[in-house]
Structures are given as C-alpha cells and as structure tokens.
Amino acid sequence: MTRDRISLRGLRARGRHGVLAAERELGQEFIVDVTLFLDTAPAAAGDDLTKTVHYGELAEDLVKVVEGEPVDLIETLAQRLAEVCLARELVEAAEVSVHKPAAPIPLPFDDVVVTITRSRA
C-alpha cells in the first residue's frame, strides 16, 4: 500500500441515524473524517486532477450518505462512507471516522467516534 494520503476532516452533516425514535425524528449533526490512501505521484507529476481524488466531489457524496437513509448504528454509516471512498478507482484504502457528539448518553462526554479502515484487498 502506498504511503500517500488525502485527508478530509470535520465534514459536518445532519442525519437521522440511531436506535432511538427521537434520533430518527429530530436528527443530529454527525462529523466525518476520512483519509484516503492512494498514489498521488502521477497527479503531482502532471499537475493533473484526473489522476487523483477530487475532494470537493467526495465531500458532496459523503454528505449525501449522512443525510440519506437512516441506519441504527454509526458502524453501518461508517461502512457506507468507506464504500463511497473506495468507489474512487485510485483509492487503495480508506480510513473513516464518524463522530456523534450529541449521542444520547446521560453523562458528560465529549464525543463518540467509530473509526474503520477498509481496503480493496
């Protein structure tokens, strides 16, 4: 696997994911971080956007997933987001973190985060 990475951090979108009825009804903000692993040398050599990942388009596609069909688990949401990343032909692997800072936990906390790594292999 190449060591080159493209990271997109702190992407925010409102979704209706969770097991509780209130989470589905009211929705909440989710924050997504992704790191893509790919070879960026061809893009750099030719200054060619077509030989890398357009992170603006990626961000739009990730937000569509967060805003889309609700799921119970943020693990499932993370998997769907990883699939979006891996749909880019040049991406060899992706690390996806889904933050749920407003999770329904009746104790003080900063964040709940699920992080997964998926690859083509």
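The basis for the numbers below is simple: all heavy atoms, side chains too, and nothing from hydrogens, waters or symmetry mates. These numbers come from a predicted model, not from an experiment.
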Next on the checklist: Counting C-beta onward and ignoring hydrogens, is there a side-chain heavy-atom pair between Val84 and Arg80 closer than 4.5 Å?
Outcome noted: no

Next on the checklist: Tell me every residue that passes side chain to side chain donor-acceptor pair (under 3.5 Å) with Gln28, counting only those two or more places apart in sequence or in another chain.
Outcome noted: Glu23

Next on the checklist: So Ser97 and Val32, do their side chains get closer than 4.5 Å, heavy atoms only?
Outcome noted: no

Item to check | Inter-residue atom distance Asp47.CG - Thr52.OG1, 0.5 Å rounding | outcome: 11.0 Å

Checklist entry - For the residue pair Ala93 and Leu86, what are the closest heavy atoms and their distance? => result CA-CD2, 3.9 Å

Item to check | Trace of the side chain to side chain donor-acceptor pair (under 3.5 Å) decision for Thr40 with Asp4 | outcome: CA-CA 6 Å; Thr40 63; Asp4 297 345; 3.0 Å; yes

Item to check | Distance (rounded to the nearest 0.5 Å) between Lys100 NZ and Leu73 CG | outcome: 8.5 Å

Next on the checklist: Please find the pair of heavy atoms, one from Pro70 and one from Arg24, that lie closest to each other, and give the distance.
Outcome noted: CB-NH1, 3.6 Å

Item to check | Within-4.5 Å side-chain heavy-atom neighbours: Val96 and Asp33 | outcome: no

Item to check | Any side-chain heavy-atom pair of Val98 and Phe30 under 4.5 Å | outcome: yes

Next on the checklist: With a 4.0 Å cut-off on N to O distance, would you call Asp61 and Arg88 a salt bridge?
Outcome noted: yes

Item to check | Rounded distance (nearest 0.5 Å) linking atom CD of Glu92 with atom CG of Leu36 | outcome: 11.0 Å

Next on the checklist: Run the ring-ring contact (aromatic ring centres under 6.0 Å, His included) test against His99 and tell me which residues pass, sequence neighbours left out.
Outcome noted: none

Checklist entry - Can you tell if the side chain of Cys85 reaches within under 4.5 Å of the side chain of Leu62, non-hydrogen atoms only? => result yes

Checklist entry - Is there a chain of hydrophobic side chains (I, L, V, M, F, W, Y, each step under 4.5 Å between heavy atoms) that links Leu49 to Val91? => result no

Checklist entry - Hey, are the side chains of Leu11 and Ile31 touching, using non-hydrogen atoms and a 4.5 Å cut-off? => result no

Next on the checklist: Grouping I, L, V, M, F, W and Y whenever their side-chain heavy atoms are under 4.5 Å apart, do Val65 and Val113 come out in a common cluster?
Outcome noted: no

Checklist entry - Counting N and O atoms only, with roles assigned by atom type, does the side chain of His17 sit under 3.5 Å from a partner on the main chain of Ile74, one being a donor and the other an acceptor? => result no

Checklist entry - How far apart are the closest heavy atoms of Glu57 and His54, and which atoms are they? => result N-ND1, 3.1 Å

Next on the checklist: Assigning hydrophobic clusters by single linkage (Ile, Leu, Val, Met, Phe, Trp, Tyr; side-chain heavy-atom cutoff under 4.5 Å), is Val112 placed with Val34?
Outcome noted: yes

Item to check | Side-chain donor/acceptor of Arg12 to backbone N/O of Gly10, under 3.5 Å | outcome: yes

Next on the checklist: Please list all pairs meeting salt bridge (Lys or Arg N to Asp or Glu O under 4.0 Å) that have one or both residues in residues 104-121, counting only residues at least two apart or in different chains.
Outcome noted: none

Checklist entry - Would you say the side-chain atoms of Thr35 and Arg9 include a donor-acceptor pair closer than 3.5 Å? => result yes

Next on the checklist: Do Glu95 and Thr115 have side chains that approach each other closer than 4.5 Å (heavy atoms only, starting at C-beta)?
Outcome noted: yes

Next on the checklist: If I compare all heavy atoms of Leu77 with all of Val71, which pair ends up nearest, and what's the gap?
Outcome noted: N-CG2, 3.9 Å

Next on the checklist: Would Gln79 and Glu83 count as a side chain to side chain donor-acceptor pair (under 3.5 Å) here? Give the steps.
Outcome noted: CA-CA 6 Å; Gln79 178 64 39; Glu83 290 167 0; 3.2 Å; yes

Checklist entry - When rounded to the nearest 0.5 angstrom, what is the spacing between CG in Asp39 and CG in Leu90? => result 9.0 Å

